[in-house]
Amino acid sequence: MTTGPLTIHIGHDELIIRKRYEVLSIVNDILVALWFIVGSILFFSDATTIAGTWCFLAGSVELLIRPLIRLSRRVHLTRIAGSTAAVETSQDF
């Protein structure tokens with residue numbers, strides 16, 4: 001008999017928290033892609049290279065935001081239900 005990780009469900013609140021943070025993570029991933037696409041396009045012209053560099057910097061900052069979102073979610077779940085509620089699964093973002 002195989003057993004998976006122990007997950008303690010705290011009900012409706014856990015579902016709402018997970019979904020909110022998942023949406024934040026998805027929006028952040030979209031922003032990362034947009035910053036790098038726009039930055040790449042701006043690098044085609046010498047006149048817009050500085051703007052492209054700023055877009056790449058913004059994309060890099062967005063890459064930092066993703067683990068901060070995951071950490072915030074973990075802290076939020078831990079605060080409302082204890083340390084076992086903050087376990088991430090393969091279904092988490």
- Message: A side-chain contact here means heavy atoms from C-beta on lying under 4.5 Å apart; do T53 and L57 qualify?
- Response: no
- Note on the structure: The residue among I30, D29, N28, V23 that forms side-chain contact (heavy atoms from CB on, under 4.5 Å) with I26 is I30
- Query: R73 pairs by side-chain contact (heavy atoms from CB on, under 4.5 Å) with which of L77, V75, I69?
  - Reply: L77
- Is any side-chain heavy atom of I50 less than 4.5 Å from a side-chain heavy atom of L42? no
- Message: Any side-chain to backbone donor/acceptor pair from T48 onto F44? Under 3.5 Å, distance only.
- Response: no
- Message: Is any side-chain heavy atom of F36 closer than 4.5 Å to one of F56?
- Response: yes
- Task: Any chance you could lay out the side-chain contact (heavy atoms from CB on, under 4.5 Å) test for F43 and V38, step after step, and finish with the verdict?
- Result: CA-CA 9 Å; F43 268 102; V38 170; over 6 Å; no
- Item | Separation between CD1 of I17 and CZ of R79, rounded to the nearest 0.5 Å | 9.0 Å
- Message: So, taking the atom named CG in L71 and the one named OG1 in T78, what distance separates them when rounded to the nearest 0.5 Å?
- Response: 9.5 Å
- Should L24 and R20 count as side-chain neighbours, where that means a heavy-atom distance under 4.5 Å? no
- Report the relative orientation of the aromatic rings in Y21 and H76; use parallel for angles under 30°, tilted for 30 to 60°, perpendicular for over 60°. perpendicular
- Task: Rounded to the nearest 0.5 Å, what's the gap from CZ on R70 to OG on S25? Could you check?
- Result: 8.0 Å
